[in-house]
Amino acid sequence: MSDPDDTKAGLRRLKLAMVDDLLKASDQEVLAQFVEDFGSAEANAKHMREAFEKTILLTNKDRLRAARAGVTASKISSPAPTIPIAEARARLRQVMAAHAGDKTFTLAARKESELTDADVLDMLEAMRDLGLIE
């Protein structure tokens, strides 16, 4: 039986000789060997570009799916408390009156009575996000 250390040393020498051989070869020699072993370098390059593009597309689709899942999870996990619309309109009037003199606080030039229920709820949500109301 052969000594494992001798085998490893022999393999190391072989590896170094092969690497040395590759480093000494010209680009044309490497390309000729590639063509001999695998065929057209241009066809292989085209195939690799297509594989990279496909990988990028799949990665982007995975990221989009993850982002959509995150948005869906955040919508499900933190439902906004429901509030009667009359109470929501009263709360909006209070906030608007409290900030009437504040020039940084602006709303569309409409009366509160002209706002749809969805507009009122959206405004209250935005005000809560801004920290104007709890």
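Computed from a predicted model, the values in this text were never measured in an experiment. Start at 1 with the first residue, then count along the sequence.
Taking hydrophobic clusters as Ile, Leu, Val, Met, Phe, Trp and Tyr residues chained together by side-chain heavy-atom distances below 4.5 Å, Ile85 shares a cluster with Leu92.
Atom CZ of Arg65 and atom CG of Asp62 lie 4.5 Å apart (nearest 0.5 Å). Here the straight-line distance linking atom CG of Asp119 with atom CG of Leu124 works out to 11.0 Å at 0.5 Å rounding. Of the inter-residue distances, the one linking Met18 atom CE with Leu23 atom CG reads 12.0 Å to the nearest 0.5 angstrom. With rounding to the nearest 0.5 Å, the separation of CZ in Arg89 from CE in Met123 is 10.5 Å. Between the NZ atom of Lys61 and the CD1 atom of Ile56 there is a distance of 13.0 Å, given to the nearest 0.5 Å.
Formation of a donor-acceptor pair under 3.5 Å by the Glu29 side chain with backbone atoms of Ser26 is found in this model.
Taking a cutoff of 4.0 Å between a charged side-chain nitrogen and a carboxylate oxygen, Lys8 and Asp5 do not qualify as a salt bridge.
With Thr55 as the fixed residue, the side chain to side chain contact (heavy atoms under 4.5 Å, CB included) test singles out one of Thr59, Leu58, Leu57: Thr59.
Of all heavy-atom pairs spanning Ala41 and Leu31, the tightest one is CB-CD1, 3.6 Å.
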